[in-house]
**Q** 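Got a structure for you, questions after.
A, B, ... follow the sequence lines: proteins, then strands. Residue 1 opens every chain. Worth knowing before you read on, the calculation uses all heavy atoms, side chains too, and leaves out hydrogens, waters and symmetry mates.
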Amino acid sequence: MASHNLNISENVLSWYDRHRRHLPWRAAPGAQADPYLVWLSEIMLQQTTVATVKTYFEFFLKTWPRVTDLAAAPLDDVLHAWQGLGYYARARNLHKCAKVIATEHDGRFPNNESDLLGLPGIGPYTAAAIAAIAFGQKASPVDGNIERVVARLYAISEPLPKSKPKIVEMAQSLTPDKRVGDYAQALMDIGATICTPKKPSCSLCPLSDSCKATSTAVPEDFPAREPKKQKPTRRGTAFWLVNSEGEILLRRRPEKGLLGGMIEVPSSDWREGKNSLKKAFDEAPLTAAWEKMPGKVRHTFTHFHLEIEVVSGTCSADQSIDGIWCRQTEFHQHALPTIMKKIVAHALKHTQ
DNA sequence: TATACGTGGTT
DNA sequence: TAACCAAGTAT
């Protein structure tokens with residue numbers, strides 16, 4: 001068993017030496033990776049593709065070259081730089097973590113899995129990934145790629161997430177003692193490029209000789225998953241309020257929860273069931289002669305669909321209202337999540 | 001253990 | 001087109 005696993009890890013590392021991709025956060029072959037770059041990339045890569053992350057990563061690194069620079073930045077700047085990347089709690093925790101590193105750890109990341117695990121935004125996967133990739137500590141990060149590779153390798157039929165502990169255990173038993181960072185990245189690369197969710201390229205896979213799913217089943221059937229729940233649809237009304245200076249009212253969302261800390265076009269609560277403009281007006285930032293714009297803005301979040309109706313209204317410039325009065329040319333200065341960019345685009349299209 | 005939490009690309 | 005899912009974490 002042990003020698004068999006050794007054979008597998010050697011095949012994986014040999015594949016990596018031949019197919020290693022250059023990514024902006026990766027060190028040159030044999031060189032020590034920078035913990036700041038590894039951490040930053042790992043947080044961005046949570047539930048996010050490499051292609052999407054690249055430009056954000058470059059921008060963050062250019063803007064905040066060291067973790068202490070990031071720690072010194074205002075949270076709103078970090079959220080602004082994160083806009084469009086999603087899961088905004090990651091940006092809030094990223095900033096919180098940077099401040100902890102700067103103030104309590106002398107600007108240096110802890111070099112072991114258990115201390116890393118105690119930091120904001122760092123869970124079991126990320127702690128293991130940083131320990132292995134940045135510090136060469138033996139650890140077994142298990143992300144969605146490695147989950148899939150291992151589930152196929154052993155043809156694990158029990159569905160996720162129940163099978164997760166078993167998969168982690170198998171992943172740990174496969175982890176070699178040397179080149180643990182390269183090994184972890186290799187397994188993830190194999191999952192991302194060969195052992196793909198659909199139409200895997202088993203003929204190119206360095207694990208195919210050992211893969212139980214390849215020899216006895218259909219690889220695409222793994223990993224098994226519990227059936228997904230259907231997404232409900234929530235509906236709401238957004239208020240496009242223009243003052244006599246031609247400025248639009250925006251406001252900052254509460255610090256916690258959905259799109260926490262991000263900037264929004266003021267809107268009613270989003271609830272399941274039919275949207276009632278009449279009821280929505282009670283939640284408007286002020287009483288105005290609201291006029292409904294044609295059409296709806298649609299967006300899908302992780303756990304619900306959203307339909308927004310946009311209404312427009314006007315008020316005088318000296319109205320004292322809680323929020324940010326913003327010229328159209330200044331929208332880009334604010335941390336607008338994608339749904340809000342859609343609402344802005346919709347409103348501009350209908351206010352010409 | 002289950003749910004909240006974004007977005008964009010692929011099929 | 002609707003579903004799937006991508007280097008998960010917090011609560």
**Q** N/O contacts under 3.5 Å, protein versus nucleotides 1-5 of chain B?
**A**
unit_1: B:dT3; atom_1: OP1; unit_2: A:K229; atom_2: NZ; d: 2.8
unit_1: B:dT3; atom_1: OP2; unit_2: A:K229; atom_2: NZ; d: 2.6
unit_1: B:dC5; atom_1: OP1; unit_2: A:L258; atom_2: N; d: 3.3
unit_1: B:dC5; atom_1: OP2; unit_2: A:H303; atom_2: NE2; d: 2.8

**Q** Of A:R21 and A:L119, whose nearest nucleotide on DNA chain C comes first from the 5' end?
**A** A:R21

**Q** Which part of the nucleic acid, if any, lies within contact of A:G260, taking any heavy atom under 4.0 Å across all strands shown: a base, the sugar-phosphate backbone alone, or nothing?
**A** nothing

**Q** Hey, does A:L23 reach any base, or is it just sugar-phosphate, or nothing, if we go heavy atoms under 4.0 Å?
**A** base

**Q** Considering only the P atoms, how many Å lie between C:dA7 and B:dT10, rounded to the nearest integer?
**A**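 To the nearest whole Å, 14 Å.
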
**Q** Considering only the C1' atoms, how many Å lie between B:dC5 and C:dC5, rounded to the nearest integer?
**A**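 Between the two C1' atoms, the distance is 15 Å.
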
**Q** Tell me yes or no: between the side chains of A:R179 and A:S9, is some donor less than 3.5 Å from an acceptor?
**A** no

**Q** How about A:K99: does its NZ atom have over 12 heavy atoms from other parts shown lying under 6.0 Å from it?
**A**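 No, the 6.0 Å shell around NZ holds no more than 12 heavy atoms from other groups.
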
**Q** Quick one: on DNA chain C, does A:R148 or A:K256 contact a more 5' nucleotide (nearest heavy atom)?
**A**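 Between the two, 5'-proximity favours A:R148.
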
**Q** Across the strands shown, which category fits A:R298 at heavy-atom distances under 4.0 angstrom: base, sugar-phosphate, nothing?
**A**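 The answer is nothing, as A:R298 stays clear of every strand by at least 4.0 Å.
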
**Q** Output yes when A:K292 and A:E309 qualify as a salt bridge under the 4.0 Å nitrogen-oxygen rule, no when they do not.
**A** yes

**Q** Any sub-3.5 Å donor-acceptor pair from A:R251's side-chain atoms to A:I263's backbone N or O?
**A**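 Pair absent, no side-chain N/O of A:R251 close to backbone of A:I263.
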
**Q** Base, sugar-phosphate, or nothing for A:R92, non-hydrogen atoms under 4.0 angstrom?
**A** nothing

**Q** Would you say the ring centroid of A:F59 lies under 6.0 angstrom from that of A:Y56?
**A**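 Centroid separation for A:F59 and A:Y56: 6.0 Å or greater.
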
**Q** Does any residue of residues 191-200 of chain A have a heavy atom under 4.0 Å from DNA chain C, and if so, which ones, in number order?
**A** A:A192, A:P197

**Q** So for atom CZ, which belongs to A:R66, do other residues, nucleotides or ligands contribute more than 12 heavy atoms lying within a distance under 6.0 Å?
**A**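 Not buried by this count: 12 neighbours or fewer within 6.0 Å.
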
**Q** When we call it a touch if two heavy atoms are under 4.0 Å apart, what does A:R26 touch: a base, just sugar-phosphate, or nothing?
**A** base

**Q** If you look at every strand shown and take non-hydrogen atoms under 4.0 Å, does A:P124 touch a base, only sugar-phosphate, or nothing?
**A**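 Contact class for A:P124: sugar-phosphate only.
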
**Q** What is the first contacted nucleotide of DNA chain C and what is the last, in 5' to 3' order, if contact means an atom lying under 4.0 angstrom from a heavy atom of chain A?
**A** C:dC4 to C:dA10

**Q** On the nucleotide B:dG6, are OP1 or OP2 found under 4.0 Å from the side-chain N or O atoms that A:H299 carries?
**A** no

**Q** Do other residues, nucleotides or ligands put more than 12 heavy atoms under 6.0 Å from A:Q230 CD?
**A** no

**Q** Which residue pairs satisfy the ring-ring contact (aromatic ring centres under 6.0 Å, His included) criterion with at least one member in residues 90-143 of chain A, sequence neighbours excluded?
**A**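 Qualifying pairs: A:W39-A:F109.
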
**Q** May I ask you to decide whether A:E220 forms a salt bridge with A:K199, counting only side-chain N to carboxylate O separations under 4.0 Å?
**A**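 Looking at A:E220 and A:K199, the cut-off is not met.
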
**Q** Does a salt bridge link A:R271 with A:E283, judged by any charged N lying under 4.0 Å from a carboxylate O?
**A** yes

**Q** Before you tell me yes or no, could you show the steps for A:E307 and A:T233 under side chain to side chain donor-acceptor pair (under 3.5 Å), namely the whole-Å CA-CA distance, both residues' side-chain angles and the distance that decides it to 0.1 Å?
**A** CA-CA 7 Å; A:E307 283 180 14; A:T233 298; 5.4 Å; no

**Q** Any residue in residues 38-62 of chain A with a heavy atom nearer than 4.0 angstrom to DNA chain B? Just list them by number, or reply none.
**A** A:Q47, A:T48

**Q** Could you check whether any side-chain heavy atom of A:L61 comes within less than 4.5 Å of a side-chain heavy atom of A:Y36, counting everything from C-beta outward?
**A**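 Yes, close enough: below the 4.5 Å cut-off.
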
**Q** Side-chain heavy atoms under 4.5 angstrom apart, residues restricted to Ile, Leu, Val, Met, Phe, Trp, Tyr: same cluster for A:L174 and A:V180?
**A**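 Different hydrophobic clusters.
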
**Q** Between A:D76 and A:R252, is the closest basic N to carboxylate O distance under 4.0 Å?
**A**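 Looking at A:R252 and A:D76, the cut-off is met.
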
**Q** Between residues 334-341 of chain A and DNA chain B, which residues have a heavy-atom gap below 4.0 Å?
**A** A:P337, A:T338, A:I339

**Q** Say you pick atom P in C:dT11 and the same atom in B:dG6; how far apart are they, in whole Å?
**A** 14 Å

**Q** Could A:R152 and A:F222 be counted as a cation-pi pair, given that NZ or CZ must be under 6.0 Å from the ring centre and within 45° of the axis?
**A** no

**Q** Is the Lys NZ or Arg CZ of A:R298 less than 6.0 Å from the centre of A:W270's six-membered ring, within 45° of the axis?
**A** no

**Q** Check for me whether the distance between the ring centres of A:F301 and A:H303 falls short of 6.0 Å.
**A**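 That pair fails the under 6.0 Å test.
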
